[in-house]
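In what follows, chains are A, B, ... by sequence order, proteins preceding strands, each numbered from 1.
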Protein chains: 2
Amino acid sequence: MSKIKDVAKRAGVSAGTVDRIIHNRGRFSEETADRVRKAISDLNYKTDIRARNFSLSLKCRIAVLMPFPELNNDYWKLPLEGMKNALEELSASHVTAEFFHFHEYNHDKFQNMIRNIRKKQFDAFVIAPLLHDEILKLFDTLFDDKPVVFFDSDIESSPRYTYIGQKSVEAGHLAAKLMNQMISGSDNKILIITTDSGNEHLTDRVTGFLEKISFKTETIEIPVNPDNMTEILEKIRPKLGSEYNGVYVAYSSCHYIAQMIEEQGLEKKIPLVGYDLVPDNIMHLERETISYILTQRPIDQGYLSIKTLYKKIILGQESASEQLMPIDIITQENLASYIRMREIS
Amino acid sequence: MSKIKDVAKRAGVSAGTVDRIIHNRGRFSEETADRVRKAISDLNYKTDIRARNFSLSLKCRIAVLMPFPELNNDYWKLPLEGMKNALEELSASHVTAEFFHFHEYNHDKFQNMIRNIRKKQFDAFVIAPLLHDEILKLFDTLFDDKPVVFFDSDIESSPRYTYIGQKSVEAGHLAAKLMNQMISGSDNKILIITTDSGNEHLTDRVTGFLEKISFKTETIEIPVNPDNMTEILEKIRPKLGSEYNGVYVAYSSCHYIAQMIEEQGLEKKIPLVGYDLVPDNIMHLERETISYILTQRPIDQGYLSIKTLYKKIILGQESASEQLMPIDIITQENLASYIRMREIS
DNA sequence: AGCACCTGCGTTAACGTACACGCAAATGAG
DNA sequence: CTCATTTGCGTGTACGTTAACGCAGGTGCT
């Protein structure tokens with residue numbers, strides 16, 4: 001391995017000059033630059049990243065903007081867990097993060113949070129961009145040219161660095177295939193449950209499902225923060241097993257239905273497909289009141305978000321502009337193996 | 001962040017002494033050691049890993065011992081791919097590997113390979129320990145105290161550092177559940193295909209399957225390197241769809257059966273469950289002649305094998321002694337998302 | 001007592017890069 | 001022709017840890 005001094009000697013200049021030419025800073029003549037560049041390629045010089053890191057003692061201070069972890073049936077705890085894993089792994093590399101949480105529908109508090117972020121210095125951002133418009137405005141006023149990673153959902157029109165996430169239409173297709181397979185006979189009806197949040201993932205998961213399902217369907221939209229949840233559920237209860245022969249829940253609230261199925265003594269008789277390995281869903285998978293849970297690796301999404309910024313800022317390695325997770329099928333039989341995996345990090 | 005000199009000052013000694021005490025090397029008195037340890041905890045001193053790496057300029061030269069990549073229907077290309085990804089990511093950290101491939105049943109050539117390995121210097125080993133006894137002998141004569149990672153299968157009695165792999169009985173259970181779900185009626189028979197290799201994973205996958213399958217079964221053992229493969233297949237062909245109502249292949253050769261199913265025009269009529277995303281299986285998944293493929297993330301196994309050694313040798317971070325992969329269910333609908341994932345890293 | 005050896009610890013160079021500083025030569029303005 | 005400014009490049013130091021080296025004082029042996 002040749003060093004910067006070797007290059008300098010070969011080009012007949014000093015190490016300082018080589019450094020200036022490599023980083024295109026300070027002043028130098030084009031002729032020397034050519035000689036130096038030739039020497040670099042002759043010797044196959046690569047700057048020693050360890051010495052570089054040591055010398056620069058780069059820091060990577062990340063601000064994470066995402067909903068409160070306990071929202072959506074603890075869903076947001078999952079990417080959070082992945083981020084914490086990455087941060088621990090990289091703690092020695094001076095990668096740190098500060099977390100800023102918000103409610104999806106409280107714009108005032110969001111603005112307040114942004115004011116807090118402005119008071120501090122960050123080198124990069126990880127964001128679940130649920131509040132499209134608010135986030136877009138920040139590119140001019142807050143992010144400057146600092147790298148921004150979106151996870152969970154994307155704003156394609158934005159100058160973000162990378163999106164780490166999911167393809168939800170495909171997930172809907174898969175859910176429909178599993179449902180089709182579990183139900184025999186033709187005169188059946190599937191209940192689809194979603195919310196009125198306007199969340200793109202949810203509409204995509206429903207659209208995909210409808211494209212491939214072989215049975216009649218009926219869709220119920222549950223409000224985001226329902227004050228009358230029991231009432232809604234009670235309307236569904238009597239129809240389970242009679243009118244509805246299967247249930248598809250497009251988000252993490254699947255366990256509510258599982259609970260009712262269990263109370264009605266209909267386990268294993270009503271196929272139930274939902275999303276996300278949140279604690280209540282795990283419990284019902286174990287009892288087989290939920291047939292299948294689909295996930296797009298939220299823990300990995302969190303992990304990769306931090307890791308991607310580390311690679312860019314500390315190692316100077318670029319990543320793909322889109323990193324899409326596979327759709328995992330989880331059922332009673334492989335659940336344990338998934339939960340074990342979490343402990344690996 | 002306090003530095004080693006701060007600790008030294010506080011304990012009234014020099015930096016060299018602190019270093020010796022931290023690493024428990026050289027000579028020092030217990031009294032000074034106590035003072036220094038107190039100073040370390042008072043100041044919450046952590047050795048700066050970047051400075052440490054820079055100073056030591058640690059190298060991690062890994063020898064990888066595994067079957068030739070093209071064996072088992074290209075199966076071994078998968079962990080190999082994961083290792084190459086890790087090596088590229090870590091190239092800047094002076095992690096390098098040399099690959100030594102063997103045939104599972106050629107002991108002479110294996111010994112020859114070992115002689116070649118002895119000629120060079122390695123800091124760590126990654127091994128698919130298919131030849132149990134041969135590998136066990138190497139702990140005394142080759143590995144010394146260097147860390148050894150086993151992947152794919154394990155030798156629990158050995159002093160290896162970590163095992164990265166699979167739980168195959170569970171995979172068999174899952175395969176049976178999927179098969180049960182795809183077949184209605186009761187008077188059915190499932191064909192089970194395995195080999196006579198004695199490979200533990202295969203027997204476990206069959207055992208697990210038998211524990212949970214609801215139908216009659218018949219098992220055919222195909223020799224490892226069959227000279228009469230066509231003959232064997234032709235015996236099966238006429239029974240497909242008549243005698244056998246489903247096929248379970250416990251290893252990566254599933255595509256042979258898929259091919260026959262296609263030729264007989266029995267697509268989607270005969271459920272077929274197999275293992276591993278090798279190219280031929282991918283093709284048949286797309287055509288839906290294979291219903292489900294199960295995998296235990298061989299690419300990740302390779303990736304983690306290298307990464308684990310990097311963490312230990314370069315970062316000084318220990319890993320769990322067993323890292324088990326989840327069992328992934330792959331079908332036509334989520335296949336694309338899995339293949340996309342490969343390109344992330 | 002004399003000598004060899006051991007113990008505990010301080011000193012120092014080395015690792016390779018980045019960057020601030022400043023000198024000398026070249027250039028330009030008047 | 002002089003002085004100020006710009007250009008091109010060399011010098012030197014900092015970054016924090018490691019580990020070789022060696023010194024001073026103590027211990028043990030003959």
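- Taking the six-membered ring for Trp and the full ring otherwise, A:Phe102 and A:Phe110 have centroids separated by under 6.0 Å.
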Run the side-chain donor-acceptor check on residues 119-132 of chain A: report pairs under 3.5 Å with partners two or more places apart or on a different chain.
| residue | atom | partner | partner atom | Å |
| --- | --- | --- | --- | --- |
| A:Lys119 | NZ | A:Asn116 | OD1 | 3.2 |
| A:Lys120 | NZ | A:Glu98 | OE2 | 2.7 |
| A:Asp123 | OD1 | A:Arg61 | NH2 | 2.9 |
| A:Asp123 | OD2 | A:Arg61 | N | 2.7 |
| A:Asp123 | OD2 | A:Arg61 | NE | 3.0 |

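- Contacts between chain A and DNA chain C, taken as any atom within less than 4.0 angstrom of a protein heavy atom, begin and end at C:dG16 to C:dC19.
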Give me the distances for all protein-to-nucleotides 12-16 of chain D N/O pairs that come in under 3.5 Å?
| residue | atom | partner | partner atom | Å |
| --- | --- | --- | --- | --- |
| D:dG16 | OP1 | B:Lys3 | NZ | 2.8 |
| D:dG16 | OP2 | B:Lys3 | NZ | 3.3 |

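- Judged as a ring pair (Phe, Tyr, Trp, His ring centres under 6.0 Å), the pairs with a partner in residues 46-71 of chain A (not counting sequence neighbours) are, in order, A:Phe54-B:Phe54, A:Phe68-A:His101, A:Phe68-A:His103.
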Hey, can you pull the donor-acceptor pairs under 3.5 Å for the side chains in residues 37-48 of chain B, sequence neighbours left out?
| residue | atom | partner | partner atom | Å |
| --- | --- | --- | --- | --- |
| B:Arg37 | NH2 | B:Glu30 | OE2 | 2.7 |
| B:Arg37 | NH2 | B:Asp34 | OD1 | 3.4 |
| B:Lys38 | NZ | B:Asp42 | OD2 | 2.9 |
| B:Ser41 | OG | B:Lys38 | O | 3.2 |
| B:Asp42 | OD2 | B:Arg10 | NH1 | 2.6 |
| B:Asp48 | OD1 | B:Arg50 | N | 2.7 |
| B:Asp48 | OD1 | B:Ala51 | N | 3.2 |

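- Residues satisfying the salt bridge (charged side-chain N to carboxylate O under 4.0 Å, His left out) test with B:Arg297, not counting sequence neighbours, are A:Asp328, B:Asp328.
- Ion pair B:Lys77/B:Asp74 flagged as a salt bridge, since at least one NZ, NE, NH1 or NH2 atom sits closer than 4.0 Å to an Asp/Glu carboxylate oxygen.
- Although no hydrogens or angles enter the test, the distance criterion places no donor-acceptor pair under 3.5 Å between the side chain of B:Gln166 and the main chain of B:Met325.
- Few gaps surround CG on B:Asp144; more than 12 heavy atoms of other groups in view lie less than 6.0 Å from it.
- For DNA chain C, the residues of residues 19-34 of chain B within the heavy-atom distance limit of 4.0 Å (strictly under) are B:Arg20, B:Arg27, B:Phe28, B:Ser29, B:Thr32, sorted by number.
- Taking the C1' atoms of five terminal pairs at each end of the helix from C:dA1-D:dT30 to C:dG30-D:dC1, the two resulting helix axes are inclined by 40°, rounded to 10°.
- Judged as a salt bridge (charged side-chain N to carboxylate O under 4.0 Å, His left out), not a single pair has a partner in residues 125-142 of chain B (not counting sequence neighbours).
- B:Lys84 pairs by the side chain to side chain contact (heavy atoms under 4.5 Å, CB included) definition with B:Leu80, B:Phe99, not counting sequence neighbours.
- For B:Lys312, the side chain to side chain contact (heavy atoms under 4.5 Å, CB included) partners at least two apart in sequence or on another chain are B:Pro147, B:Tyr161, B:Glu318.
- With sequence neighbours excluded, the residues forming a side chain to side chain contact (heavy atoms under 4.5 Å, CB included) with A:Arg25 are A:Asp19, A:Arg20, A:His23, listed by chain and number.
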